[in-house]
Amino acid sequence: MAGSEMFRTALFTINNFLQQEQYRAALAVIKGFRNGAVYGAKIRAPHALVMTFLFRSGSLRDKLKAILKATYTHSRNLAYFVFTYKGLKALQEKMQGKTLQSHAFLAACVGGWLVFGDNNNINSQINMYLLSRILFALSRLAVEKGVIPQPKRDPFPLFATLVWGIVLWLFEYYPHTLQPSLQSSMNYLYHDSNIWHDISDFLVYNKPRTSS
């Protein structure tokens, strides 16, 4: 009974603390760290699971270790970045007494350099993902601000044409320039489909099964 009362008192104290306005900026940084860790794990784990079992060779133990490592790295990096970004942004706002657009840019630049500046597979995938999104966003912003005129026709078909033409040209003639995971996917789709020996590796399996 006493333990239950202590728990309720502690919970009340914590909830009361979380409502204090003077600590809100610092608490937002901490929750940002939490959300970064959770979101990173949620989006990386299923991706790593599929890609590892599709394209990676080795024992089940090795595959599970690779999945856990990729998930941990993505989760940790995103948590670190959110913590750094929100902390530096809040610090600039506190020092200048107002919010400026440059605060977000500078805080994210520092976070990107510290966290995502290490050239590894996970960071490369994340940075490539963001690059495609910001190119789209900047194009839309340029039209919105009148920097470039509103297209008379939907430019998406031309965009798709160039993207697929360029990526397949690079894959066929300069595959080393593409990210390893993209190379693996394209090898599976375009090169592995040129090889078979019988019905088993024509329809059932991608490659002939080796007897252990």
Side-chain angles (χ1 to χ4, degrees), residues 28-52 54-56 66-93 99-145 147-148 151 154-171 174-189:
V29 172
I30 295 172
K31 185 171 182 183
F33 180 91
R34 177 264 180 202
N35 284 7
V38 171
Y39 186 78
K42 286 173 67 175
I43 62 174
R44 174 57 59 174
H47 176 271
L49 178 69
V50 172
M51 297 301 290
T52 298
L54 272 179
F55 301 117
R56 190 183 182 98
I67 293 168
L68 289 174
K69 182 179 179 181
T71 302
Y72 168 76
T73 301
H74 194 147
S75 177
R76 179 200 63 196
N77 286 6
L78 200 53
Y80 284 175
F81 176 82
V82 176
F83 183 88
T84 303
Y85 168 74
K86 288 181 70 70
L88 291 178
K89 186 168 177 286
L91 181 62
Q92 291 176 91
E93 292 170 359
T99 300
L100 301 174
Q101 291 188 23
S102 61
H103 292 166
F105 179 76
L106 292 174
C109 282
V110 174
W113 179 68
L114 291 174
V115 179
F116 292 112
D118 185 24
N119 190 2
N120 57 54
N121 289 338
I122 301 297
N123 287 350
S124 179
Q125 289 172 3
I126 295 172
N127 290 337
M128 293 285 186
Y129 173 88
L130 290 178
L131 176 62
S132 65
R133 268 55 182 179
I134 65 173
L135 288 176
F136 258 90
L138 288 173
S139 298
R140 292 180 179 129
L141 185 62
V143 172
E144 183 181 305
K145 298 294 185 181
V147 177
I148 59 176
D154 183 4
F156 194 83
L158 177 60
F159 163 76
T161 300
L162 292 175
V163 165
W164 284 97
I166 292 171
V167 75
L168 265 299
W169 167 68
L170 288 171
F171 171 69
Y174 305 96
H176 62 280
T177 62
L178 298 175
Q179 192 189 32
S181 63
L182 181 57
Q183 289 182 48
S184 296
S185 299
M186 290 196 154
N187 272 320
Y188 184 86
L189 292 169

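Values below: every heavy atom of this structure, side chains too, minus hydrogens, waters and symmetry copies.
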For this session: Establish, for the pair Arg133 and Tyr129, whether the NZ or CZ atom is under 6.0 angstrom from the six-membered ring centre and no further than 45 degrees off its axis.
Result: yes
Do you know which two heavy atoms are closest between [X] and [Y], and how far apart they sit?
X: Ile43; Y: His47; value: O-CB, 3.7 Å
X: Ile122; Y: Ala70; value: CD1-CB, 3.9 Å
X: Asp118; Y: Asn123; value: O-ND2, 2.8 Å
X: Lys86; Y: Ala28; value: CE-O, 3.0 Å
X: Tyr39; Y: Leu78; value: CD2-CD2, 3.6 Å
X: Val82; Y: Gly36; value: CG2-CA, 4.2 Å

First locate atom [atom1] of [X], then atom [atom2] of [Y], and finally report the distance between them rounded to the nearest 0.5 Å.
X: Ser139; Y: Ile134; atom1: OG; atom2: CD1; result: 10.5 Å
X: Leu130; Y: Gln125; atom1: CG; atom2: CD; result: 12.0 Å
X: Thr99; Y: Gln92; atom1: OG1; atom2: CD; result: 10.0 Å
X: Leu114; Y: Phe81; atom1: CG; atom2: CZ; result: 10.0 Å
X: Tyr174; Y: His176; atom1: OH; atom2: NE2; result: 8.5 Å
X: Asn35; Y: Ile30; atom1: CG; atom2: CD1; result: 12.5 Å

For this session: Verify side-chain contact (heavy atoms from CB on, under 4.5 Å) between Leu88 and Tyr85, making sure each step is shown before the conclusion.
Result: CA-CA 5 Å; Leu88 291 178; Tyr85 168 74; over 6 Å; no
Exercise. Is the Phe83-Tyr80 ring centre distance short of 6.0 angstrom?
Worked result: no
So, does [X] use its side chain to make a donor-acceptor pair with the main chain of [Y] at under 3.5 Å?
X: Thr52; Y: Leu49; answer: no
X: Ser75; Y: Thr71; answer: no
X: Gln183; Y: Leu178; answer: yes

Exercise. Please walk me through it: do Leu182 and Val167 pass side-chain contact (heavy atoms from CB on, under 4.5 Å)?
Worked result: CA-CA 10 Å; Leu182 181 57; Val167 75; 4.1 Å; yes
Problem set entry | Verdict with reasoning, Asn187 to Phe171, per side-chain contact (heavy atoms from CB on, under 4.5 Å) | CA-CA 9 Å; Asn187 272 320; Phe171 171 69; 3.6 Å; yes
For this session: Verify the neighbour count for atom CG of Asn120: are there more than 12 heavy atoms of other residues, nucleotides or ligands below 6.0 Å?
Result: yes
Are any of the side-chain heavy atoms of [X] and [Y] separated by less than 4.5 Å?
X: Pro151; Y: Val143; answer: yes
X: Met186; Y: Leu168; answer: yes
X: Leu162; Y: Leu158; answer: yes

Exercise. Any idea how Phe159 and Phe156 line up, ring-wise: parallel (<30°), tilted (30 to 60°), or perpendicular (>60°)?
Worked result: tilted
